[in-house]
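A short worksheet on the structure shown next.
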Amino acid sequence: MSAEFESRDEEQKRVDEVVGEIDKQAADLAGELGQKKTDIVEFRKNFWEEVSLNFEDAGTYASLKQQTEILSENERTYQLSQKKLHTLTRLKQSPYFGRIDFRDGDARQPEVIYLGIASLLAANGLDFLVYDWRAPVSNLYYDYSPGPARYDTPSGVIEGDMTLKRQYVIRNGRIESMFDASLTIGDELLQEVLGQQANSQMRSIVATIQKEQNLIIRDVTSQLLIVQGAAGSGKTSAALQRAAYLLYRFREHLRADQIVLFSPNHMFNSYVATVLPELGEDNMAQTTFQEYLAHRIGSLFQLEDPFQQMEYILSGMSESDYAQRIEGIQWKASKEFMLFLEHYVDYLGHEGMLFQDIIFRDEILLSAQTIEDQFYTYASSLRLPNRLGLLSEWLLKELKKQAIQEREKPWVEDEMELLDREEYNWAYQELQKQERLADPAFSDSRSERDILAARIVDVHFRPLQQDIQQFAYVDIPGIYLQLFASLENLPIFNEGLGLPQHWQAICKHTVGPLDQAKLLYEDATPFLYLTECIEGFQTNNTIRHVFIDEAQDFSTFQFMFIKRLFPRSRMTVLGDWNQRIFIHDQASEDTELLQSLYGDDNTQSVRLTRSYRSTQPIIEFTRASIPGGQTIEAFDRQGNKPTVKQVRSTDGLIAQVLSSILELQNKGHRTIAIICKTANESIEAHRALQAKLPIRLVEKETAAFAAGIIVIPAYLAKGIEFDAVVIYDASQHKYGQESERKLFYTACTRAMHDLHVCLNGDFNPFLSDVPPHLYHLIQ
């Protein structure tokens, strides 16, 4: 038997021993869980019997509190045990993925260290059978090849020599592949993993983390970490492993609910939802920026979402005022517009604040003019939120005066006649408390009426009080509208602030929807920012880390707003500016302004240039379609050249798309995406194809990503990968504008193994930039 196979047999023997230990620990834990569950159920049954129910005794509260704490602790330990059992179940399938032999200093023999998704202690509770991939010693595996190596520990730096670095593919407790690596994670293992089919869930990459990705995952010093990477370079995967690492490293101080991920859409949330649970961590909060906007101001307006804006950008070019709205979108996304709003807020400190009448039963209790006059009596040196606080206190006092007068109105008498006996009993008890009745009979009807009248008015005035406390009397929509409806009459107009060239047209685009209680996407963040400047910022101090994926689709204005929204948080920003498909301000075209948010000393920027998602022929094809694409490195994974199918009719286009799908199905691909430019084109494609094969239309409301054949707009496919991609129509007619180059690139880079580009008509200019030898042409 060769040394190689002898080594493999020995390695399999160790896997069997580890699996045996896992089985033993899992069985013991399952037994403990069963007993714990029984104890908790029994405890709940007898909960009240354990508490002395004597409410006149101060000991009752202490007894109740003690029993509640015991129950809470038992439930917490039960949940932790459940979590550990889940981890053991996953470890059994693949106990570890790597091994390093490391000789520390003058030690004669190296220590053999195995790495997996979680730590596993031997039965003695002292020796590690498997080390967690996030443990300090695991850095050796990701950052070094055999030879001199070092790693940091809480007690200092450990130096020594790595004598062996081995990688495994273990499934169901059997070693399927085993490689000895001389450099980083070996190409053999990457080929094994990357050659697999796409899944409906993003996979953990702990077994294949590259050195540059490890740098991202383990950075704990940067206030802002910017990860700029090519399509398929593992940005999102590394970010999710980073979240898992932070939860492990700071487990005494950081919880999953203190981390938030801003993602591009709901389907993306579904796609990445299992990564952290697979690593034994709770999921962090995941939302979209649009969801946050809807939560804050969705009750005031019908909000346009970014996808509706994108549809306009891609489809509205024939409209006469298209260029003017694009200019407005870009201006409202800029730092300059934020400064403009801040100047406007300064102006509002002296004049221009708008309020609404406080109305009750169709009568004005306090007029908008009265409120405005009172507001401007406060010192102008006070910030607007502080002045509104004083104003609200004054309004509540005035409301109390109004309430006393209201008690004498006829409507109060009418409501009093409808009261039931219970209300009168309540009034009687109140009168007794106040010692206003000596006789238990209702002899003092006037006092009784006063109590009931006050109660009736208080109930009806309560919503008014709440509105005042929430600044509902401030006409924020009117204040925002005023900026665009009558700026020429405001002193701010003459302060030397530059305005866009087509200012009047931008005003028209803004005012029209606002008059219909609609808010365009480009106005949503500025409107909320203005609201915060006036009413006070609702900052979130509990969030400790913010992740922003597809960061190239966020504007400068949005980044500055998010930073202010989470003042105590660190931020990890991930993006590929070659996939910047939204039209924002010029400053957001690269990371320069983003880097200035926290300053150079607190910012770390990492660039990932190597793409792992697609085969080498696909990467060579896609990088040729964008300027600077030569900087993108292709991982050496061979495959078919992309296929370009050119036809001259709609029927011919449908026929070629169908033939591509059948060909890709015959290859065994499970996830096939037909990527269209817009939602309307997706609907047309789905209608044309659904009678011929099972196919699913993905829309912006689609909540989950599933395997199969789907039709999807390019902007919804961002961040997701598919076994194969069919570009529905890449003709000059569809992708003829330079502004659409990155959208075309984004669509093509979704393909892992096969890419078919169909077109009805002439080549688009980006496709024309690709050398013909990089694809197979069918006409």
Should Asp553 and Lys718 be marked as a salt bridge (charged side-chain N to carboxylate O under 4.0 Å, His left out) after you check the CA-CA gap, both sets of side-chain angles, and the distance that decides it? CA-CA 11 Å; Asp553 294 337; Lys718 291 168 68 66; 3.4 Å; yes

Which side chain to side chain donor-acceptor pair (under 3.5 Å) pairs, counting each pair once, include a residue from residues 559-570, with sequence neighbours left out? Tyr529-Arg564

Would you find a donor on one side and an acceptor on the other, under 3.5 Å apart, between the side chain of Arg387 and the backbone of Gly349? yes

Got a donor-acceptor contact below 3.5 angstrom from the Gln482 side chain to the Gly352 backbone? yes

Under 3.5 Å, is there a donor-acceptor pair between the Tyr312 and Glu304 side chains? no

Should Phe340 and Leu483 count as side-chain neighbours, where that means a heavy-atom distance under 4.5 Å? yes

Gln369 and Asp357: CA distance, side-chain angles, deciding distance, side chain to side chain contact (heavy atoms under 4.5 Å, CB included) verdict: CA-CA 8 Å; Gln369 187 60 55; Asp357 297 332; over 6 Å; no

Listed by chain and number, what are the salt bridge (Lys or Arg N to Asp or Glu O under 4.0 Å) partners of Lys397, not counting sequence neighbours? none

Short question: side chain of Asn602, backbone of Tyr598 - any donor-acceptor pair under 3.5 Å? yes

Donor-acceptor pair between Thr531 and Glu535 side chains, under 3.5 angstrom: no

Donor-acceptor pairs under 3.5 Å, side chain of residues 512-526 to any protein atom, not counting sequence neighbours: which ones?
residue: Tyr521; atom: OH; partner: Gln558; partner atom: NE2; Å: 3.2
residue: Glu522; atom: OE1; partner: Gln309; partner atom: NE2; Å: 2.9
residue: Glu522; atom: OE1; partner: Arg325; partner atom: NH2; Å: 3.0
residue: Glu522; atom: OE2; partner: Arg325; partner atom: NE; Å: 3.0
residue: Glu522; atom: OE2; partner: Arg325; partner atom: NH2; Å: 3.4
residue: Asp523; atom: OD1; partner: Lys332; partner atom: NZ; Å: 2.8
residue: Asp523; atom: OD1; partner: Tyr480; partner atom: OH; Å: 2.6
residue: Asp523; atom: OD2; partner: Lys332; partner atom: NZ; Å: 3.2

Sorted by chain and number, sequence neighbours left out, salt bridge (Lys or Arg N to Asp or Glu O under 4.0 Å) with Lys335 holds for none

For Leu225, is there any backbone N or O sitting under 3.5 Å from a side-chain donor or acceptor partner on Ser222? no

Do Pro385 and Phe471 make a side-chain contact, defined as non-hydrogen atoms from C-beta onward lying under 4.5 Å apart? no

Here the gap from Glu532 atom CD to Phe537 atom CZ, rounded to the nearest 0.5 Å, amounts to 5.5 Å

Can you find a heavy atom in the side chain of Met284 that is under 4.5 Å from one in the side chain of Gln258? no

Stepwise side chain to side chain contact (heavy atoms under 4.5 Å, CB included) check, Ile534 with Met353: CA-CA 10 Å; Ile534 293 172; Met353 281 288 287; 4.0 Å; yes

List in chain and number order the residues that pass salt bridge (Lys or Arg N to Asp or Glu O under 4.0 Å) with Glu372, two or more places apart in sequence or in another chain; answer none if no residue qualifies. none

Asp601 side chain reached by Gln223 side chain, heavy atoms, under 4.5 Å: no

Among pairs that include at least one residue of residues 463-476, which meet side chain to side chain donor-acceptor pair (under 3.5 Å), considering only residues two or more places apart or in two chains? Ser392-Tyr473

Test side-chain hydrogen bond (donor to acceptor under 3.5 Å, both in side chains) applied to Asp257 - qualifying residues, sequence neighbours left out: Arg255

Of all residues at least two apart in sequence or in a different chain, which pass the side-chain hydrogen bond (donor to acceptor under 3.5 Å, both in side chains) check with Glu281? Arg134

Student check: side-chain heavy atoms of Tyr715 and Leu314 closer than 4.5 Å: yes

Asp321 (side chain) donor-acceptor with Gln324 (main chain) under 3.5 angstrom: no

Kindly indicate, with the supporting measurements, whether the criterion salt bridge (charged side-chain N to carboxylate O under 4.0 Å, His left out) is fulfilled by Lys700 and Asp305. CA-CA 10 Å; Lys700 65 182 180 181; Asp305 63 44; 2.6 Å; yes

Qualifying residues under side-chain hydrogen bond (donor to acceptor under 3.5 Å, both in side chains), relative to Gln308, sequence neighbours excluded: none

Taking salt bridge (Lys or Arg N to Asp or Glu O under 4.0 Å) as the definition, give me every residue that meets it alongside Glu336, ordered by chain and number, with sequence neighbours left out. none

Using the side-chain hydrogen bond (donor to acceptor under 3.5 Å, both in side chains) criterion, which residues pair with Asp346? Sequence neighbours excluded. none

Apply side chain to side chain contact (heavy atoms under 4.5 Å, CB included) to residues Leu565 and Tyr292 and explain how you reach the verdict. CA-CA 11 Å; Leu565 181 64; Tyr292 175 74; 3.0 Å; yes

Between Asn269 and Ser263, do the side chains contain an N or O donor and an N or O acceptor separated by less than 3.5 Å? yes

Under the ring-ring contact (aromatic ring centres under 6.0 Å, His included) rule, what pairs show up with a residue in residues 351-389, not counting sequence neighbours? Phe355-Phe375, Phe360-Trp411, Phe360-Phe461

Distance, nearest 0.5 Å, that separates CD of Glu398 from CD of Glu393: 13.0 Å

Kindly check if the number of other-residue, nucleotide or ligand heavy atoms within 6.0 Å of CG (Asp414) is above 12? yes

Output yes when a side-chain donor or acceptor of Ser315 lies under 3.5 Å from a complementary backbone atom of Glu311, and no otherwise. yes

How long is the span from the NE2 atom in His343 to the CG atom in Leu348, to the nearest 0.5 Å? 13.0 Å

Answer yes if the side chains of Thr572 and His545 hold a donor-acceptor pair under 3.5 Å, and no otherwise. yes

Just wondering, do Ile259 and Ile543 contact through their side chains at under 4.5 Å, heavy atoms? no

Measure up the Phe337 and Trp331 rings against each other and bin them: parallel (under 30°), tilted (30 to 60°), perpendicular (over 60°). tilted

Would you call Glu413 and Arg407 a salt bridge, taking side-chain N to carboxylate O under 4.0 Å as the test? no

Interatomic distance, CG@Leu399 vs CZ@Arg462, rounded to 0.5 Å, equals 12.0 Å

What is the distance from atom CD1 of Ile364 to atom CD1 of Ile359, rounded to the nearest 0.5 Å? 5.5 Å

Is the ring pair Phe262/Phe554 parallel, tilted or perpendicular, if the boundaries are 30 and 60 degrees? perpendicular

When rounded to the nearest 0.5 Å, the distance separating CD1 of Ile313 from CZ of Phe582 is 7.0 Å

Run the side chain to side chain contact (heavy atoms under 4.5 Å, CB included) test on Ile297 and Phe527 for me, step by step, so that the C-alpha distance in whole Å, both residues' side-chain angles and the decisive distance to 0.1 Å come before the verdict. CA-CA 9 Å; Ile297 56 178; Phe527 177 88; 4.0 Å; yes

